[in-house]
Amino acid sequence: MVLDKVNKWFGALHVLRDVDLQVALGERVVVCGPSGSGKSTMIRCINRLETHQEGKILVDGIELSDDLRSLDAIRREVGMVFQSFNLFPHLTILENCTLAPIWVRKMPKKDAEELAMEYLTRVRIPEQAKKYPGQLSGGQQQRVAIARALCMKPKIMLFDEPTSALDPEMIKEVLDTMVMLAGTGMTMIVVTHEMGFARQVADRVVFMDRGEVVEVGTPEQVFNDPKTDRLKMFLSQIL
Ligand code: ADP
Ligand code: MG
């Protein structure tokens, strides 16, 4: 996954400024930075939920464009988990997980259900399969969202503050699920301020501020030895 001098504006607002980032297969990158610094916008551009105006984004060697082949490839290869779960409330947990494999991957229903049960087991909630999202806790819903994304067999998983809408007692179960996923060798880009998670699984931490990548390094480098005043200020506020 490569971002090469990516620029994006919302009207006159310049939200991504010459963003360069390369993420190798199997690598785990944590992105942090103040609110409004462009973290979500960057993640959403990688998944083509937003479009960038300048620069290049390549996912698995395919350059993102409006080309249908490119869009289709991205939908298959990039899984995304949002802050607010975004499960379909009128579908059961199992149906949430089988929808895209059946309609996008054209998988037979029975195979899709088997696959979904496999991933629901992996996130440790197979017994919830017949329930609706509203009957589950926030932590359980977020684990379903992770299982649902995995059912598409993505090559890369994007997480945008996956625990920030959760009550404290549910944060750990979701972070544990993400640590488990990291253990499988999944390529992951995770926007989070959970330092413990970053230290445990991140190969690199990216600090963004005002649309720019300001510092990149190992968790030790970024958290223990910040170079810029901007990062020092940010760390003093979240620690
Ligand atoms: P972060 O995720 O780091 O908090 P965002 O990527 O959400 O930051 O936002 C970056 C900037 O872009 C902010 O100033 C935000 O207000 C603005 N922004 C985000 N989405 C939109 C949008 N759809 N339309 C206009 N401005 C937006
Ligand atoms: Mg955000």
Side-chain angles (χ1 to χ4, degrees), residues 1-23 28-57 59 64-66 71 74 78-87 138-139 141-142 145-146 149 154 156-168 170-171 174-175 178 187-198 201-202 204-217 219 222-223 226-239:
M1 209 280 318
V2 178
L3 276 75
D4 179 16
K5 292 227 174 312
V6 171
N7 282 275
K8 172 162 184 70
W9 290 260
F10 284 116
L13 188 66
H14 197 175
V15 289
L16 294 178
R17 298 169 183 261
D18 282 338
V19 171
D20 286 325
L21 182 68
Q22 300 204 6
V23 180
R28 269 79 57 143
V29 174
V30 160
V31 180
C32 63
S35 176
S37 57
K39 306 179 298 295
S40 295
T41 304
M42 179 180 78
I43 290 279
R44 293 168 63 83
C45 283
I46 297 171
N47 204 17
R48 204 69 180 168
L49 293 172
E50 297 282 358
T51 54
H52 58 288
Q53 283 106 7
E54 284 179 12
K56 274 190 207 173
I57 303 179
V59 175
L64 300 199
S65 68
D66 290 329
L71 287 178
I74 295 319
V78 183
M80 174 129 185
V81 175
F82 302 85
Q83 182 177 338
S84 52
F85 329 139
N86 293 12
L87 299 175
Q141 289 189 55
Q142 194 59 304
I146 294 171
I156 179 166
M157 283 280 285
L158 310 175
F159 295 83
D160 191 1
E161 305 207 29
T163 59
S164 57
L166 296 176
D167 293 332
M170 291 166 192
I171 291 176
V174 171
L175 290 178
M178 293 166 64
T187 309
M188 296 163 75
I189 302 179
V190 184
V191 177
T192 184
H193 295 158
E194 294 288 339
M195 298 277 188
F197 173 80
V201 310
R204 277 187 299 153
V205 175
V206 173
F207 169 64
M208 288 183 75
D209 189 25
R210 288 181 236 147
E212 288 176 316
V213 173
V214 177
E215 291 197 36
V216 183
V222 170
F223 297 141
K227 298 280 183 283
T228 58
D229 288 343
R230 288 203 253 178
L231 177 52
K232 285 175 194 165
M233 169 94 80
F234 174 70
L235 292 173
S236 74
Q237 285 163 354
I238 62 165
L239 288 176

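Every heavy atom of this structure was used, including side-chain atoms; hydrogens, water molecules and symmetry mates were not. Order of appearance sets the numbers: ligands from 1, and atoms from 1 within every ligand.
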Subject >> Within the 4.0 Å heavy-atom sphere of ligand 1, strictly under, residues >> reply: F10, L13, V15, P34, S35, G36, S37, G38, K39, S40, T41

Subject >> Any side-chain heavy-atom pair of F85 and L166 under 4.5 Å >> reply: yes

Original post:
Would you call N7 and H14 a side-chain contact if the rule is heavy atoms closer than 4.5 Å?
Top reply: yes

Original post:
For the Mg ion (ligand 2), which protein N/O/S atoms are closer than 2.8 Å?
Top reply: S40 OG

Subject >> T192 and F159: CA distance, side-chain angles, deciding distance, side chain to side chain contact (heavy atoms under 4.5 Å, CB included) verdict >> reply: CA-CA 8 Å; T192 184; F159 295 83; over 6 Å; no

**OP:** Quick one: which residue pairs count as a salt bridge (charged side-chain N to carboxylate O under 4.0 Å, His left out) with a foot in residues 29-39, not counting sequence neighbours?
**Re:** none

**OP:** Sort out for me which residue in D4, L3, L64, V6 forms a side chain to side chain contact (heavy atoms under 4.5 Å, CB included) with K56.
**Re:** D4

Original post:
Going by distance alone, is a donor N or O of one side chain under 3.5 Å from an acceptor N or O of the other, for T228 and E215?
Top reply: yes

Subject >> salt bridge (charged side-chain N to carboxylate O under 4.0 Å, His left out) contacts touching residues 227-239 (sequence neighbours left out) >> reply: D209-R230, E212-R230, D225-K227

**OP:** Mind listing the closest non-hydrogen atom pair of A198 and P219 along with its distance?
**Re:** O-CG, 3.5 Å

Subject >> Side chain proximity check, T41 to F10, heavy atoms < 4.5 angstrom >> reply: yes

